Amino acid sequence: MPDDEALVCPGDLVALRQCDHLDGKRPVRLRVQEVWPSPEWRSWVLLYGREINDEEPDRDGKAVGVQAFKDVLGRPGVVIKTDRRLPPGPC
C-alpha cells in the first residue's frame, strides 16, 4: 500500500459511504484540510476537513474528522484530486 499522502492530500474532495470509515453512522463528503498518516499496519487514515452536505444544510461547512479505510481511498470516484501543482498545503 502506498503511503497515506499519495492516497489523499489537503484540498482533495472525498466522498465516503457509511461503510467506508470507522464508526460510520452516515455517508460523509468533505474537502480535506489535514491528513494524519497512520502506521502501515493500520487499515485507516485520519482525515480532517469541512463537510459538503446539500441534503442537510446545517451540516454544510462543519469541521469533521473521519477515519477512512485506506483501501477505500484507492477506489475510483472516492477521492477527487485537486491540481497538486497548486499548493493547498503540504501533502
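Computed from a prediction, not measured in an experiment: that's the story for all the values here.
- Of the candidates Val8, Asp12, Leu7, Val8 is the only one forming a side-chain contact (heavy atoms from CB on, under 4.5 Å) with Leu47.
- More than 12 heavy-atom neighbours from other residues, nucleotides or ligands sit within 6.0 angstrom of CD on Gln18.
- For the pair Pro10 and Val35, the minimum side-chain heavy-atom distance is below 4.5 Å.
- Residues passing the salt bridge (Lys or Arg N to Asp or Glu O under 4.0 Å) test with Arg59, sequence neighbours excluded: Glu51.
- Hydrophobic clustering (ILVMFWY, side-chain heavy atoms < 4.5 Å, transitive): Val72 and Ile52 are in distinct clusters.
- Here CG of Leu16 is found 10.0 Å from CZ of Phe69. Values are rounded to the nearest 0.5 Å.
- Taken from CG in Leu46 to NE2 in His21, the straight-line distance is 12.5 Å, to the nearest 0.5 Å.
- Shown here are the salt bridge (Lys or Arg N to Asp or Glu O under 4.0 Å) partners of Arg29, two or more places apart in sequence or in another chain: Asp54.
- Without hydrogens or angle criteria, Lys70 side chain to Arg42 main chain gives a donor-acceptor distance under 3.5 Å.
- When atom types are taken as modelled, the side chain of Arg31 and the backbone of Gly11 share a donor-acceptor pair closer than 3.5 angstrom.
- Hydrophobic clustering, with ILVMFWY side chains joined whenever heavy atoms are under 4.5 angstrom apart, groups Val32 together with Val64.
- A single hydrophobic cluster is not seen to contain both Leu13 and Leu30; linkage of ILVMFWY side chains at heavy-atom distances under 4.5 Å, directly or through other members, places them apart.
- The two atoms that bring Ala68 and Leu73 nearest to each other are CB-CD2, 4.1 Å, heavy atoms only.
- Here the side chains of Asn53 and Arg26 are in contact, with some heavy-atom distance below 4.5 Å.
- When hydrophobic clusters are built by joining Ile, Leu, Val, Met, Phe, Trp and Tyr residues whose side-chain heavy atoms come closer than 4.5 Å, directly or via intermediates, Ile80 is not grouped with Val78.
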